[in-house]
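Okay, structure first, notes after.
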Number of protein chains: 2
Amino acid sequence: MNQQTPPAAAVEAVARIKQALGPKGWLEDPADTLKYRTDWRGRDVGEALLVARPASTGEVAEVVRVCAEAGLAMVPQGGNTGLVLGSIPTEPRPAVVLSLDRMTRVRSIDPDNFAMVVEAGCVIKAAQDAAAEAGRLFPLSLASEGSSTVGGTLSTNAGGNQTIRYGNAREQVLGLEVVLPDGTVFDGLNTLRKNNTGYDLKHLFIGAEGTLGVITAAAMRLMPAPKGRETALLAVPDPAAAQALLGRARELSGDTVLAYELMPRMCLDLAIRHIEGIADPLSAPSPWYVLVELATASPIDDLRAKLEAILAEAMEQERVTDGVIAESEAQRAALWRIREEQAEAGRREGGGVACDVSVPVSRVAGFLARAEAMLREQEPEIRLNTFGHMGDGNIHYLILRPLAMAAEAWQQRSYDLVDRLNGLIAEMGGSFSAEHGIGAQKREDLVRYAAPSRLTLMRAVKAAIDPANVMNPGKIL
Amino acid sequence: MNQQTPPAAAVEAVARIKQALGPKGWLEDPADTLKYRTDWRGRDVGEALLVARPASTGEVAEVVRVCAEAGLAMVPQGGNTGLVLGSIPTEPRPAVVLSLDRMTRVRSIDPDNFAMVVEAGCVIKAAQDAAAEAGRLFPLSLASEGSSTVGGTLSTNAGGNQTIRYGNAREQVLGLEVVLPDGTVFDGLNTLRKNNTGYDLKHLFIGAEGTLGVITAAAMRLMPAPKGRETALLAVPDPAAAQALLGRARELSGDTVLAYELMPRMCLDLAIRHIEGIADPLSAPSPWYVLVELATASPIDDLRAKLEAILAEAMEQERVTDGVIAESEAQRAALWRIREEQAEAGRREGGGVACDVSVPVSRVAGFLARAEAMLREQEPEIRLNTFGHMGDGNIHYLILRPLAMAAEAWQQRSYDLVDRLNGLIAEMGGSFSAEHGIGAQKREDLVRYAAPSRLTLMRAVKAAIDPANVMNPGKIL
């Protein structure tokens, strides 16, 4: 809780919110509110006058009105799984955390319209399950899908593993319901495919990390449910081969590539070393690998034939030197586990710094080569684990501490290395935050790397929609 | 040209623009500027002090700066093929038409990144051709693609025939370069798939019909080029059968449906009556038809097998009563001609009023039934030609004048019928302007049917970005 005594207006506002929401609608005791104030990675704990847990859009609007009147900061929160300090209070100013965790309903689902309307607090996994029950696919899939919510995922425009096929969170949205910073409800909830009636305002709120309003519900597009899937781990000589293969895989498969994950040998080494039950699926080590997955909604599509055609051509062209195709769901899971355990394996390996960067898909190989040369010139003994969504040009760039370097020296050194990496990324037309957003953590990077015209325009939009700066202050801008 | 003598500031601004652009960069003689001031449908001719034809982003910025300083209205213009009076001057205030027709370059094309950067004045067909030459598909396809430009298409967020597969114009955009109303250049041109670094501002300008700035270039996503295609005209008993078939076609085809066009018998009757060389492709008339097309990028995909599986099931379920599959490119073209000649056939049939509406895909059949009953109750003798992009819930709703009604009486009557139709659309969660936008023509409809919270927010955004209201005034808002 706040160290200072809150001003009288804040005390009164909190009392009004409590009354409006009823006993189930708020938490105040510091022990009860701790998890709402704690960063997912445990780096920071914020302070809050109250955690408000409204159960309806009307209640959200009431909380926002009261906070706005009293000048209290609001911090909208979904699953609180963000990685950039975006969903906890980080400013000294008195704040209310506005959790959507009681708004979890699937309001409607319409398989013939390939659409569902779901409340912001609905966990991604629950949305996936509801769609599957209706014979459809909810096309967002994230590592954190058991905890992250629809509202949080849209507020950060998360991507995930299937972006190459379906796009980011943004691309799944047909309409939004948002409570604006003054408490009015923006009613943009529709499930239309074509609707050119003025500015498409929903895109302002998607990826705005709660700084322009509170997303309370979303109309999401659905896809036909997958009926067939093929997964393979391919050994490739270098990232350039993987990059060249990607275009051919999209062509030959009829654009059914669902995931295309690049991994260096380091991924396998770390997973085998630290994670129980993981073994090398291939007989000899390779410097690089691609985990590729195809999926189709058609029961009469011969995906295996497509995968084999891709592999046959790639081996002839020496883009692929070896590979294994999953012959069962268990084998498929085992291949994916190598990729999915990287966060844990990296943690167990010890200190390192993680960047989440992107470049154009055609520049991934060039970027990896230039970045490694540049970093090694600075620090010859660093170890790199650079893996991720090659199909989207998105690399999770982990720089591991040189084994001989002390942790303290490393911390200072790593800042410098990350700065140099971000500089190269900017030079190559890339992004220093591909998936994770800005939050409170990367604000300085944004000022440093964003074009001035973008910053000016972003500030103008923020000032127009949230002139009193009550909505998640200190995030992004 | 303006009837009134323009104020001195305007005269001076025009002189400055002429000097900045050089002799090829402007037109002033009323005869020369006529086509830039004339509505595509010929309903209106606007007035302009000058048509500025800048050849670079820098020149656009210079024109905008000069106009902004002098308080002159600017009307950005692409191919001037819009249907809602959005790209010609419509206000009494002195205006400069800002044509992008000299900015037609493909700046770069990167097949491995599935992306190209193209200037706003590039005609859609030219962009398609450039992509095809690089072995890729530029996934926008419009009836007006021989005249409409990339900038105009993005400014109106046009859809077209392949929206069900690739989305609207908006979904193809990776980045934008825009000259803002004060003449600064917004540099948002990148070709990244993942980039979560603050508000995604490009979406403000897409579909804004030039009211927030001038799009000068766009980074567009490309797709693998189609290698196989199957096209069929299917006879269906009613729209409900067509609607139920759509979901199954998406499933069984592995989501390779490229177009799904609904047509009533009236479409065939009008095309056969008015257009030379069109005959009924089927042996007996059907009340309704679907023109369906599948396409794949995979040379090893058996699309014919998929189409036949869809038809076999549909005929067994009596959703389809008859059909013809195109066996050659000529047959395919003949089937598409029935659909594409509807505008011309309707024109030759005589007076009518055209609405461009959408509802959720699952409500198309219900909407058509309710709308027809409602309109016939008002005017039993009207004839309806209601066809279009069923796959997107988008119907081009033509109400043809009753044969016995005089043209003058019809005009007044038709306003009332359109109002009633729009009322029903609103009640069913639909859009009164699915593809065509608002322009100057549908502003009253927007005020009538948009939620007040949307209008307020749109006005706030306009005021923040174009406080002096110099950018295409009188359009949308």
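Quick note on labels: first sequence line is chain A, next is B, and so on, each numbered from 1.
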[X]/[Y] ion pair, N-O < 4.0 Å:
X         : Y         : value
Asp187(B) : Arg454(A) : no
Lys306(A) : Asp301(B) : yes
Arg193(B) : Glu435(A) : no

Select, from [options], the one with the greatest count of heavy-atom pairs under 4.5 Å involving chain B.
options                                    : answer
Asp356(A), Asp255(A), Leu457(A)            : Leu457(A)
Thr296(A), Val461(A), Leu212(A)            : Leu212(A)
Leu446(A), Leu201(A), Ile476(A), Thr191(A) : Leu201(A)
Leu204(A), Asn190(A), Leu189(A)            : Leu204(A)
Asp392(A), Asp445(A), Asp112(A), Leu180(A) : Asp392(A)

Tell me, side chain or backbone of [X] under 4.5 Å from chain A's heavy atoms, or both, or neither?
X         : result
Ala158(B) : backbone
Arg363(B) : neither
Val364(B) : neither

Which of the residues [options] is involved in the greatest number of heavy-atom pairs with chain A at under 4.5 angstrom?
options                                    : result
Ala464(B), Ser431(B), Ala434(B), Gly254(B) : Ala434(B)
Thr256(B), Leu252(B), Val357(B), Thr184(B) : Leu252(B)
Gly430(B), Pro360(B), Ala451(B)            : Pro360(B)
Pro226(B), Gly198(B), Gly188(B), Ala115(B) : Gly198(B)
Pro111(B), Gly393(B), Gly207(B), Gly437(B) : Gly437(B)
Lys442(B), Met223(B), His389(B)            : His389(B)

Going by heavy atoms in the side chains, are [X] and [Y] under 4.5 Å from each other?
X         : Y         : result
Arg170(B) : Glu171(A) : no
Asn157(A) : Asp200(B) : no
Val361(A) : Phe114(B) : no
Lys202(A) : His203(B) : no
Phe432(A) : Thr197(B) : yes

Is [X] close to chain B through its backbone or its side chain, or both, or neither, when contacts mean heavy atoms under 4.5 Å?
X         : result
Leu477(A) : side chain
Asp110(A) : side chain
Asn394(A) : side chain
Val84(A)  : neither
Ile438(A) : both
Ala208(A) : both
Tyr449(A) : neither

Would you give the length of the straight line joining atom CD of Glu251(A) to atom CD1 of Ile300(B), rounded to the nearest 0.5 angstrom?
12.0 Å
Distance-only, no hydrogens or angles: does the Asn196(B) side chain make a donor-acceptor pair with backbone N or O of Thr156(A) under 3.5 Å?
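Checked: pair present.
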Under 3.5 Å: donor-acceptor pair, side chain of Lys194(A), backbone of Gly160(B)
yes
Donor on one side chain, acceptor on other, Tyr199(B) and Thr211(A), under 3.5 Å:
yes
Do Ser362(A) and Asn113(B) pair up side chain to side chain, a donor and an acceptor below 3.5 Å, judged on atom types alone?
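Note: Ser362(A) and Asn113(B) side chains miss the donor-acceptor criterion.
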Which pair of non-hydrogen atoms, one from Ser298(B) and one from Ser253(A), has the smallest distance, and what is that distance?
CB-C, 3.9 Å
